[in-house]
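Data first, discussion second: the structure below is written as structure tokens.
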Amino acid sequence: MIEEGKALMARLRAVPPEQRPAVLAAAGEAAVKAYDEHWPLWAHRGQRPKHDDWTIWVMLTGRGFGKTRAGAEWVSAKARADPGARIALVAANPREARRVMVEGARSGLLAVARHGEERQGMRWEPALGRVVFASGAEAYVYSGADGDSLRGSEHHYAWCDELAKWRQAQAAWDNLMLTMRLGTRPQVLVTTTPKPVAALRAVLESPEMVLTHGTSYDNPHVATAFLRWAEKVLGGSRLGRQELLGELLEDVAGALWPRALIEASRTGAVPREALRRVVIGVDPPVTAEGDECGIVACGIGRDGLAYVLGDHSAGGLSPEQWARKVSGAAARWQADRVVAEGNQGGEMVEAVLRGAGLRLPVKRVHATLGKVRRAEPIAAFFETGEAKLAGAFPELEAQMAGLVAGGDWHGRARSPDRADAMVWAMTELLLTPERAEPRIRTL
């Protein structure tokens, strides 16, 4: 049966997606059943752990990624391999455990059962909150809203679904881990869409933990209509990054731009004709080996508000390559000035930009304060509503959220180059007096 499934998988991979239904129809019921029932044949990346040497596996994903199917398949595989296994099924409440983990139409434990397993004794006993597998292994439903419900139990394995939704998450998790004392290697799988809750943060810091990520766009079987709707309604927002991209977004204590401020500052696209000035802020890289060149377009509108218009930053570029990107951004936004930090080779920066065909005025600025200190007055304009984000700029926003009052930077990159480029541009627009435009006098 497995070989039939592998052969069908090879045929499906060899044809375009639109031809695959015909291939499935011609393959015959036995081959399709073999293909469907052997999960490792078609699980996509993120639905499998990176290795097997773990105590906790966290699958942190967006909606529709397929984490429930992956959880049910993992539990089922453990039950088949270990007839004496005792397994915990923990959800936000018993109703969700039954509806999603056990009876889920396409991805619950009953749905992923192999052909014939019901005849061999697999059954769901709602009154007891128990799943009995064909092998004899048993799984029990528990509630994340009642931390004490796990007291007194013992388990080999556990599947925790949507831990970020549990009302008593820390108590339930702590009591669950105290039950993981059967067998030689107890294991816990957590499948959840992320939320910045303390219990999830603690789990992510656990030793012997492996983490896999996934987005709503990674599942080839998810409905395209759902993705179109979700992108239209949530795309680029904090909620969209959490629910679609599976990102865990947290505020750093003392952040100049808390996530709530970033969301409150977001507005729609601003047409060029509504802007009085546009400048391109540039924070040149120190080296081309992985350092980013911050390139951010900002403009000031006829309404007096300043807007972040576009993030054109990129890393790993030679001076000629990033200079061309700056020139392209200036042309894209019809900018009237480039503001570039000149601490790293002042005149060279302007020469490189000129060599890339830039014909605009280039203002070289020199940093006497740290990046965070320079950002503080610009953050104040966002707080008063005088500065806005004209769209969604995830990587730039992540750097903004990592700038902390007092001069600290908390982020993955070595330096917040995108945020610094934005600050240079905004400083030119909001804190530098405009020069009077030359006018022709008539007598």
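Computed from a predicted structure; not experimentally measured.
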Distance-only donor-acceptor check, side chains [X] and [Y], under 3.5 Å:
X	Y	answer
Tyr307	Thr267	no
Trp333	His312	yes
Thr193	Lys67	yes

Cationic N near anionic O, under 4.0 Å, [X] to [Y]:
X	Y	result
Asp283	Arg418	no
Glu205	Arg201	no
Glu208	Arg185	yes
Glu273	Arg302	no
Glu397	Arg266	yes
Glu341	Arg374	yes

Backbone of Arg45 reached by a side-chain donor or acceptor of Arg48 within 3.5 Å
no
Ser107 side chain vs Gly104 backbone, donor-acceptor pair below 3.5 Å:
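Answer holds: no.
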For Val90 and Ser143, the nearest pair of non-hydrogen atoms, with its separation, is CG1-C, 4.2 Å
Would you indicate whether Arg99, at its atom CZ, is surrounded by more than 12 heavy atoms from other residues, nucleotides or ligands within a distance under 6.0 Å?
yes
Can you check salt bridge (charged side-chain N to carboxylate O under 4.0 Å, His left out) on Glu263 and Arg259, steps first, answer last?
CA-CA 6 Å; Glu263 288 303 311; Arg259 292 288 180 177; over 6 Å; no
